[in-house]
2 protein chains.
Amino acid sequence: MKNQTQVKKTDPDDQLNRVFHALSDPTRRALLKRLSDAPEKVTALAEPFDMSLNAISKHLKTLEKANLINRDNTGRTSICSLRAEPLHDAQDWLDQYARFWGETLDAFSLHMDKQIDDGTDGSGEKG
Amino acid sequence: MKNQTQVKKTDPDDQLNRVFHALSDPTRRALLKRLSDAPEKVTALAEPFDMSLNAISKHLKTLEKANLINRDNTGRTSICSLRAEPLHDAQDWLDQYARFWGETLDAFSLHMDKQIDDGTDGSGEKG
DNA sequence: TCAATCCTCAACTATTTGGTTGAATATCGG
DNA sequence: CCGATATTCAACCAAATAGTTGAGGATTGA
């Protein structure tokens, strides 16, 4: 097993990977922004973009795989809505580094005092 | 010009893109974790990984392009250290969605009341 | 029924990514 | 100078991404 950090080479199944990847694209961030206002159907979401409907459909699939959106399939339309929990997870991860920009650490710092666990140790995912 | 959202098709120059992309890889997150403990030279950083030194060097370059690490080139060694500001930026972006998992909104919500600006409007980057 | 609408699937392309190996550059130390 | 160490550059490769077009499945509604 080689006492290595073993990061599961670019593991596509890791939730955090998927979320951060989803957020790394400006179109997808714009879609989330739009959905933060109200749920929308796919065509409505696609309309403002200078891009094919299919492209948007794929972006939505990416967001869906990251669990960042829900879909309500009523009839032929698919209503997408924001699902923010994974964003919260991402924020939790970032919070571990909060001490590096000072302040904001109270009882938190006690918890944080020992070491940062960034979720890349292989536990908690696909045994 | 078509009144479109104009998201600068997958703009690789956007700082937020680079940061979220950098965070989407578990090896890079592990490197940041390591650097959150103490600055390290490249060989030391690479050692725990089941991966070539070159691969780590490239990951470090990605982190560098996202401004997530600094390098102190003393002699033949390159000492890498964490630079957390961009993480803070990422957290700020995520904070805009905080209202979706309830609470934590005080004077913040006033600022947020109107609309979310997710940094994909094209301002502030490469004119 | 049948045309229009909404959306996804399939196939293709170009580009990026994440990894490799091998050579090159640069410094350190005898 | 010369060898060892530290790091990067260059070329290459496989796989994933982000986009396209075209076809097809469902649903709506006249």
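All chains are named by letter (A, B, ...) in the order of the sequence lines, taking the proteins before the strands, and each is independently numbered beginning at 1. Hydrogens, waters and symmetry mates play no part in the numbers below; they use all other heavy atoms, side chains included.
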I want to verify a distance call: between [options], whose nearest atom is closest to the [X] side chain?
X: B:K58; options: D:dT20, C:dT8, C:dG18; answer: C:dG18
X: A:D25; options: D:dA18, D:dT20, C:dT8; answer: D:dA18
X: B:T27; options: D:dT20, C:dG18, C:dG19; answer: C:dG19

### Task
Could you tell me whether the phosphate oxygens of D:dT8, OP1 or OP2, come under 4.0 Å of any side-chain nitrogen or oxygen in B:R76?
no
### Message
Is the phosphate of D:dT8 approached by B:R71 (side-chain N or O, under 4.0 Å from OP1 or OP2)?
### Response
yes
In whole Å, I'd like the distance from the [atom1] atom of [X] to the [atom2] atom of [N].
X: A:L53; N: D:dG24; atom1: CG; atom2: C1'; result: 14 Å
X: A:H59; N: D:dT20; atom1: NE2; atom2: C1'; result: 12 Å
X: B:N73; N: D:dT8; atom1: CG; atom2: P; result: 7 Å
X: B:F49; N: C:dT20; atom1: CZ; atom2: P; result: 12 Å
X: A:D72; N: C:dC6; atom1: CG; atom2: P; result: 16 Å
X: A:L31; N: D:dA18; atom1: CG; atom2: P; result: 12 Å
X: A:I79; N: D:dT27; atom1: CD1; atom2: P; result: 15 Å
X: A:L63; N: D:dA18; atom1: CG; atom2: C1'; result: 14 Å

Kindly say whether [Y] contributes a backbone atom to a donor-acceptor pair with the side chain of [X] at under 3.5 angstrom?
X: A:R18; Y: A:K65; value: yes
X: B:Y97; Y: A:K33; value: yes
X: B:Q15; Y: B:A66; value: yes

At under 4.0 Å between heavy atoms, what does [X] touch on the DNA or RNA strands: base, sugar-phosphate, or nothing?
X: B:K61; value: sugar-phosphate
X: B:S52; value: base
X: B:K41; value: sugar-phosphate
X: A:N54; value: base

### Message
Quick check: do A:L35 and A:C80 have side-chain heavy atoms less than 4.5 Å from each other?
### Response
yes
### Upstream residue (5' side of DNA chain C) when B:I56 and B:K65 are each assigned their closest nucleotide
B:K65
### Message
Is a donor from one side chain sitting under 3.5 angstrom from an acceptor on the other, for B:N67 and B:E85?
### Response
no
### Query
Want to settle it: does A:T77 or A:H21 sit nearer the 5' end of DNA chain D, counting the closest nucleotide to each?
A:H21
